[in-house]
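In this text, all values refer to a predicted model and were calculated from it rather than measured experimentally. All values below come from the heavy atoms of this structure, side chains included, with hydrogens, waters and symmetry mates left out. Just so you know, residue 1 is the first one in the sequence shown, and it goes up from there.
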Amino acid sequence: MLWIFGNGVWKVMVTVEQYRQLCAEWRGDAAEFSWLVQHGDIAGVSQRAIAAEFEFAPSTVSRWAAGEALPHRRVQKLVVGALEKKARRLEQACASAFLPVKKEVDAGQSRPQA
């Protein structure tokens with residue numbers, strides 16, 4: 001994790017891999033559920049997308065993210081499972097996305113050109 005200081009506050013930057021792992025290790029903590037929903041954009045999932053997928057009003061999902069309300073425990077498991085799956089797909093897509101490089105390397109260059 002990477003610590004960043006901004007606006008007088010220390011914050012932790014989380015990678016997609018770390019987010020996926022947090023989802024995988026989630027054991028029912030309400031505050032963690034709210035955090036995972038609030039930061040679903042790390043995995044490319046907006047609160048609006050969560051609402052659409054699980055057929056809840058966007059305002060309801062917003063309340064989950066704020067910790068003001070929680071869905072039934074089974075729904076929480078389904079939501080976290082879906083977030084983990086989407087994070088895993090994004091992680092795999094990033095791992096397999098390579099920029100092709102030219103084979104030609106000039107004598108003065110230290111690395112191939114993209």
Side-chain angles (χ1 to χ4, degrees):
M1 288 189 211
L2 176 65
W3 286 86
I4 300 173
F5 188 76
N7 296 330
V9 178
W10 281 100
K11 298 179 182 181
V12 177
M13 182 176 248
V14 178
T15 66
V16 174
E17 181 181 6
Q18 292 165 331
Y19 181 84
R20 182 200 45 77
Q21 189 167 357
L22 290 168
C23 288
E25 295 172 355
W26 181 76
R27 297 292 177 257
D29 181 83
E32 287 179 6
F33 174 78
S34 294
W35 188 90
L36 291 169
V37 171
Q38 182 181 16
H39 294 91
D41 56 339
I42 294 170
V45 184
S46 68
Q47 291 177 27
R48 189 170 291 280
I50 294 169
E53 182 172 344
F54 292 95
E55 298 181 358
F56 285 94
S59 60
T60 299
V61 176
S62 178
R63 289 196 311 277
W64 298 350
E68 298 169 358
L70 290 174
H72 188 277
R73 173 70 183 234
R74 281 181 272 178
V75 174
Q76 290 179 48
K77 286 181 180 181
L78 290 171
V79 169
V80 172
L83 290 169
E84 180 187 0
K85 185 176 182 179
K86 291 176 191 301
R88 188 178 328 111
R89 285 184 181 163
L90 181 58
E91 190 179 3
Q92 291 170 346
C94 291
S96 65
F98 293 99
L99 181 64
V101 294
K102 294 180 183 177
K103 301 267 183 191
E104 304 168 16
V105 178
D106 291 339
Q109 291 179 327
S110 59
R111 60 185 173 133
Q113 294 289 317

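Between the CG atom in Leu36 and the CH2 atom in Trp26 there is a gap of 8.5 Å [rounded to 0.5 Å]. Taken to the nearest 0.5 Å, the SG atom of Cys23 stands 12.0 Å off from the NE2 atom of His39. Note that OG1 of Thr60 is 12.5 Å distant from CD1 of Ile50, once rounded to the nearest 0.5 Å. Note that CZ of Arg20 and CG of Leu90 are 11.5 Å apart. Values are rounded to the nearest 0.5 Å. Considering NZ of Lys77 and CZ of Arg27, their distance stands at 10.0 Å, rounded to 0.5 Å. Once rounded to the nearest 0.5 Å, the distance linking OH of Tyr19 with CG of Asp41 reads 8.0 Å.
Counting only heavy atoms from C-beta outward, the side chains of Val61 and Pro71 never approach each other to under 4.5 Å.
Summarising the local packing, CZ of Arg48 is surrounded by 12 or fewer heavy atoms from other residues, nucleotides or ligands at distances under 6.0 Å.
Of all the heavy atoms in Ser34 and Leu70, the pair that sits closest is OG-CD2, 4.2 Å. Residues Lys86 and Val45 approach most closely at CD-CG2, 3.2 Å, considering heavy atoms. Taking every heavy atom of both residues into account, Arg73 and Gly28 meet most closely at NH1-CA, 3.4 Å. Summarising the geometry of Phe54 relative to Leu78, their closest heavy-atom pair is CZ-O, 3.7 Å, with the distance given to 0.1 Å.
In this structure, the side chain of Gln38 does not engage the main chain of Ala66 through any donor-acceptor pair within 3.5 Å.
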request  = Test Glu32 against Leu22 for side-chain contact (heavy atoms from CB on, under 4.5 Å), laying out the working first.
outcome  = CA-CA 9 Å; Glu32 287 179 6; Leu22 290 168; over 6 Å; no
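In this pair, Phe56 and Trp64 present their aromatic rings perpendicular. The plane angle is above 60°, beyond the 30 to 60° band.
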